[in-house]
Every structure is written in C-alpha cells, then in structure tokens.
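Labels below follow one simple rule: chain letters A, B, ... track the order of the sequence lines, proteins then strands, and each chain is numbered from 1. All heavy atoms count here, side chains included; hydrogens, waters and symmetry mates do not.
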There are 2 protein chains.
Amino acid sequence: MATLKDLSKHLGLSVTQVSRAINDHADVSQKTKERVREAAKELGYAVNRSARSLVTGKSGMVILIRPGALSGPADMSVLETISGLSGEFHKRGMQFLLNIMPPGTDPMPVYQSAATSGSFDGFVLIDTRRDDPRVALLTEMGVPFVVHGRSDPAADHNYYDIDNHQVAYTHAKNLLALGHTRIALLNGPRGYAYSEYRLQGYQKALEEAGVSFDPALLVSEQMTEGNGMIATARLFEDKVHRPTALICGNILLAKGAYTALGAMEYRIPEDVSVVSHDDVLHNIRGSAFYPALTVSRSPFANSWSHLAEILCNAIQNPTAPPHQHVAEVEFIERASTGPAPK
Amino acid sequence: MATLKDLSKHLGLSVTQVSRAINDHADVSQKTKERVREAAKELGYAVNRSARSLVTGKSGMVILIRPGALSGPADMSVLETISGLSGEFHKRGMQFLLNIMPPGTDPMPVYQSAATSGSFDGFVLIDTRRDDPRVALLTEMGVPFVVHGRSDPAADHNYYDIDNHQVAYTHAKNLLALGHTRIALLNGPRGYAYSEYRLQGYQKALEEAGVSFDPALLVSEQMTEGNGMIATARLFEDKVHRPTALICGNILLAKGAYTALGAMEYRIPEDVSVVSHDDVLHNIRGSAFYPALTVSRSPFANSWSHLAEILCNAIQNPTAPPHQHVAEVEFIERASTGPAPK
DNA sequence: GACGCAATCCGAAACGTTTCGGATTTATGG
DNA sequence: CCATAAATCCGAAACGTTTCGGATTGCGTC
C-alpha cells in the first residue's frame, strides 16, 4: 500500500505537488505529472478513497435501495435496471451500490439512516409512487437524488420520466377514432406514478370523446404475462358487454392477452383491437407477435444514462435547479388494430 | 453532521470515551453508554465511515464483480444471487457492492485495480472456472475472498460448493443399475468448475461399469430451456444410436428435454429416462413435471449465508486457514426413471 | 489511613488525503 | 541587468475517527 508520502519521498517532491499531479491540477508541470504517473505505476500506488472522502466530504458512491421481495418475472427488469445504472455510473467514475432490504423491512428508516450516514453522494429512486414519501425525506435532508418517474405533476426534484399520460391518451384517442367505445385498460398497480398518469391520460381521452369511464374496464395488477391472460379472460366473461379494444401497460400483458383471446377464439384485430406500451423488454418484441402488435415505445434502456448524468450533475452542483426530462414516446402502428366491430 | 467532538462537548466527556461508548467497549460505564446513545440520537450523530476506514484500514464493504453481458434467462439466477448475498452481508453489518463491467471488458484488470484500491475488505467470486485466474490474483495479493465453487480439487482458498462430482456420479450409477448404457449428459459449458466436476463424476461411473465414454452423448451448452430442447432433438436424430437416458444439468434443460421428447413422441420413462439436478430455481419445480422428475437437489439459496459467513470470518481473521464447505446433495426419486428399453 | 485493584476516564498521535496561502523559480520585455 | 508576471512548487492545517499508554477515581481490606 504505497501512499502519497512514499511517492513524494521517492520523487523528491512535496506531498502537495504529488497529490495535485495525480488529480491533474493546472499548476503542476507536464514533466512532473509524467514522472508522478510513472512512479505511481511503479510503486503500485492507488489513492486511498477513505482519506480522500474524509477531506472532500464526497464518497464517490451512489446508492439504490430496493425491497427484497422476489416477485418472479416482474423482477427481470430490475436486472436490466441495475446493470444499466451500474455501467453508466461506472463510466462517470462513480461506484453504484445496490442495497437490497430483507423482505418486509420498512424502507423509510433505511433511507433515513443511509442519508444521515453521509456515506453516499446520491440516491436513485425507482418504482416511484404518487407523493412518494422518499422524495419528501431526501428533499428535506438535502441529499442529491434522481427519480425514475415523477412523484407528482409539479415535482421540483430531479427526474427522468417518459410521458405516461401521453402513452395512454394517444392509444385511447386512436382507438376512439376507429369507433371503439368499450376500451379496456390493463394497467399497473394503483399508486405507482406511471400507472396513475396512464389512467389519467386514458380518462382524458374518453372524456374528450364524450365516452363515460367504466371502472369494470380498468385492471390494475402487476404487469405479468399471467395477469394479462387472466384479466383478459375475465373482461370477456360477459360476451355482450365485452370490450372491443385493449390497451396493455406493457408487452407481457399483451402477450397474455393474445393467448387468452386466442383461446376464446377472438380474432385480432377483427373482433378485438390490442395495443400496448413497449419498454423493449428482455427480448420480447411486439413486431414478432401475430398479428404484429401496435405499440408506443420509449426504450427503458435509454433512461440509465440520463439518470446517471442528472445525478452526477446534481452531486457536483448541489445548488443547481432540478433537472427534469420527459422522454418522447414513439407510436408504431402495426396490424393489431382495426375498426370497432358492429 | 454531528461529529464525535460535538458529542463530547455536549456531554462533557472526552472524544475517546464517546468513541468507545459508541463502539460498545468494555471500559466505559453502563451509565455513560446510555447517555452517549441518547445524545447521539438527539444530535442525529452517525459515524463517519470514511474516517473510521482511514484509521482501521477496513471499509466494511465486500464486492462482487460481474461481466455485463445479459444473456437472457440464464441471468435470472444472478438476481437471486445478488439479492441473497446482499441480504446476508447486510445482516452481518457489511455493505455488499455489485460492480457490473461493461460488456466485453477484460475482467482481470478490474479485479486488479479493485484489489489494490484497498476500498474493499473482501471479494465474492462466482461462475468459477477450473484454475480460475482470479483466484490466483487475489491469493497473490493477499485479499480475502470466498468462491462459490472450487477452482481446483486441491484448492486452498475459502469456498462453498456442492458436490458436483457426486451429482453426476450418482445419477449415472443409478441409471446404469437400471440397465441403461447409452446415457447422455446435458452439461453446462466447458471450463466452468461445476461442469467439469460433473463430467468427471459421469465418466467415473461409466468406467466403473465398464461402459466406454461416447463423446456424442455429451452436450456442453448454456443451461437454458431452449438449449435443452435443441440438444435433445439432436441426440435423438439417429433413432438407432439414440440415448435411453438423459442426465440434465439443471431443471431448465430438463424442461426443454421433456418438450422435445414429447414432440418426438417418446414416452418417459418407458422409452427414455430423464433425471436432473435441481438448484431450486425461480419457481420451476421438478415435482410439477409430468411425469414427476427424479432429481438431485442442493438449494442454491442455502449458499448465500454460508458464503457471507465464510468471507466475514476471513476478513476478521485473515490468517485463519481457508474454510471449505462442500454441501450435501439429496436424491429424490420420482417417476421419470425406469429400466432401459430393449 | 495506606494499599491495591478494578473501573472509568483522558490526551495525543496517527491514518492518507486535499487545500489554503504563500514561497520560489523561470521566462519576458525593456 | 532589473522588474514583472507566470509557472511551479511547498508547509501546515484540517477532515473525524480509533487506539496506545497512562491518569484518575472509588472501594474494600488490612
């Protein structure tokens, strides 16, 4: 474990200058920077992060805290999330830390103590809920954080989000234009920001078209293939009041819906139109559906670099105004939509 | 950010004594410990880990480094791994850190620099290969680490492993006893420690029975459902020299094998016997197969606590001899095995 | 009252880095 | 050769904790 002092002795320089050389400061000559770099390699020097943290007050680490319940396939995306974020923070010279709480732990004390410990320069929040208490806590404590999603429409914190309102609004609008009036929404669970926004967009479109909202056409469940299947089966129980169109919250739900519709011998799009939002999830592609699925898309994978960038900036400049980004959504019409049946 | 000095002033004690109180040392009275605890809560004191690390030389963090390639379903178990380990280390007061390398990165320099940085008290190694170079590196650098699996039969490092030799040996032995001689092994990719051991166990059993090893009956691929299907289809291409029994490396392979056998109209176990090793993976249970699958089992999930325990001990006592644990394997005979067909 | 022992306490140094303020050297132009 | 500015360099303090060695107190015993 070579230290700066070792290097300085070895080179006949002051510790100060060696430190500045290593951190590439302006007032050290090219030549000495070179010499220092070489000596560092030779002696196997690596900066002691604890010592640096102690004086700078920054640890170079950001953390993501997650409940530990493994709820099956829904957790696939978590893996993408953490590997995406880990990579992006790594690029920016930060360590990304994952803290998985034991199942059943109350998260707030965990956030509280992580924030007071001062060991972390920033937090990443995912699975955001409306009026998420974590946002309130971290804001109050003055710790930098970035949110995947918005905790409320007028949020004044850093976030990266997709336009979930728009997603559902446009899908519904399109289907209404095709003459559909009984449009079911297979949504995520209540309380999550994304599902609430989607519900609002959906309701807005209905309202604009003068179609009244029917709670029986709203499903709020974990967005898995199995739930898509089951929800669809139930929606079509009553053949008379069945929906003529389905808006699916993600492509897993859509896959389940396709299976159920097939089993019940409904044709897509002649009998039922199906559309979905597509995060581009683990290799399931809407274009490979038969008939090919009409989707809105906004790749999940794009968000990691934005989230990392936003958080790193917030850490470097804590007084800057919040950075907020709502990503574009792209609509791709394929073969799963058609005019409403008589 | 309250510090020890703040506390000491507030209490009229020395910094020394406050520190010792907080760390629950012996030579501070119950009464003052109580007072200190209270004041700490009141002032919102949390120990500064950087400062502590600086003097103790320990960071309280262990790290797992992983390549970033997301190879689909095979990565499901990674999620179990990291959440399992994260939880177990958390219990023991350690932070578990996950470092995901960008795809295509050469791992050795990453291990090298992580080890020299001194920021981590220990390493967890998974996906072990025979004569794994990471083991050599960390051993040489004298950094504590624990391996999931063994890098070689006479390894002198800390590890937790299951008896993979035994797994394949016993399965093969049982099938041989039923009269099978053409027994295929659907194994994991070459090079990984577990698959090499299994291959050896398989060969040993054959040898003991005087059956010669046929390379055409060995498949070495990623253990996914798809590969199980394809490998089985190919193994049965030649109806005359087809195998009469299949040993599957995990339950996904077995599932694929069942599908393929069903499609080719082979009956289990009348025409083909199938056995598998079962790590107890993401809710796929061998008992739910039809016919119910004969398996060896050794729950994956048991290993996290062992690995964490072993590593924490190694960190606290670096000179202790390596701790090595080979877990029991349980054999459960169900309905997928029978005598060899004529 | 003196002694010894245990129970508590304390001052100071150390860990390895960054940074502030100033000092020294080197080049530049007259 | 001098004055000035720019380019390099340096000493010392500070960050918050742990720990070493020793100091103080209280208490029971003779």
With [X] via ring pair (Phe, Tyr, Trp, His ring centres under 6.0 Å) - residues at least two apart:
| X | result |
| --- | --- |
| A:His325 | A:Tyr160, A:His306 |
| A:His10 | none |
| A:Tyr159 | A:His157 |
| B:Phe120 | none |

Under-3.5 Å N/O pairs linking protein and nucleotides 11-13 of chain D:
from: D:dG11; atom 1: N7; to: A:Thr16; atom 2: OG1; distance (Å): 3.2
from: D:dG11; atom 1: O6; to: A:Thr16; atom 2: OG1; distance (Å): 2.9
from: D:dA12; atom 1: N6; to: A:Thr16; atom 2: OG1; distance (Å): 3.3

Does any part of the side chain of [Y], heavy atoms only, come nearer than 4.5 Å to the side chain of [X], both counted from C-beta?
| X | Y | answer |
| --- | --- | --- |
| B:Leu97 | A:Met61 | yes |
| A:Arg35 | A:Leu11 | yes |
| A:Val28 | A:Val36 | no |

May I have the distance from [X] (atom [atom1]) to [N] (atom [atom2]), rounded to whole angstrom?
| X | N | atom1 | atom2 | answer |
| --- | --- | --- | --- | --- |
| A:His25 | D:dA7 | NE2 | P | 17 Å |
| A:Lys58 | C:dG16 | NZ | P | 23 Å |
| B:Lys31 | C:dA7 | NZ | C1' | 12 Å |
| B:Asp27 | D:dT18 | CG | P | 14 Å |
| B:Arg49 | D:dG16 | CZ | C1' | 14 Å |
| A:Asp24 | C:dT17 | CG | C1' | 17 Å |
| B:Leu13 | D:dT24 | CG | P | 17 Å |
| B:Lys33 | C:dC9 | NZ | C1' | 14 Å |

Phosphate OP1/OP2 of [N] contacted by [X] side-chain N/O (<4.0 Å):
| X | N | answer |
| --- | --- | --- |
| B:Thr32 | C:dT8 | no |
| A:Asn48 | C:dC15 | no |
| A:Ser19 | C:dT18 | yes |

Taking only residues two or more places apart in sequence or in another chain, which ones pass side-chain contact (heavy atoms from CB on, under 4.5 Å) with [X]?
| X | answer |
| --- | --- |
| B:Gln30 | B:Lys33, B:Arg37 |
| A:Pro322 | A:Asn158, A:Gln324 |
| A:Arg129 | A:Asp132, A:Tyr192 |

- Item | DNA chain C contacts made by residues 37-45 of chain A, counting heavy atoms under 4.0 Å | A:Tyr45
Where the side chain of [X] is concerned, which of [options] is the nearest nucleotide?
| X | options | answer |
| --- | --- | --- |
| A:Asn23 | C:dT18, D:dT18, C:dC9 | C:dT18 |
| B:Thr56 | C:dT8, D:dT18, C:dT17 | D:dT18 |
| B:Leu54 | D:dT8, C:dG16, D:dT18 | C:dG16 |

- Around atom CZ of B:Arg134, are there more than 12 heavy atoms of other residues, nucleotides or ligands at under 6.0 Å? yes
- Message: How about CZ on A:Arg20, more than 12 heavy atoms from neighbouring residues, nucleotides or ligands closer than 6.0 Å, or not?
- Response: yes
- Item | Relative orientation of the end axes in the helix from C:dG1-D:dC30 to C:dG30-D:dC1, expressed as an angle to the nearest 10° (five pairs per end) | 50°
- Going by number, which of residues 2-11 of chain B have a non-hydrogen atom under 4.0 Å from DNA chain D? B:Thr3, B:Leu4
- Note on the structure: So the ring-ring contact (aromatic ring centres under 6.0 Å, His included) pairs with at least one residue in residues 88-114 of chain B (sequence neighbours excluded) are B:Phe89-B:Phe96
- Item | Residues A:Glu38 and A:Lys41 bridged, charged N to O under 4.0 Å | no
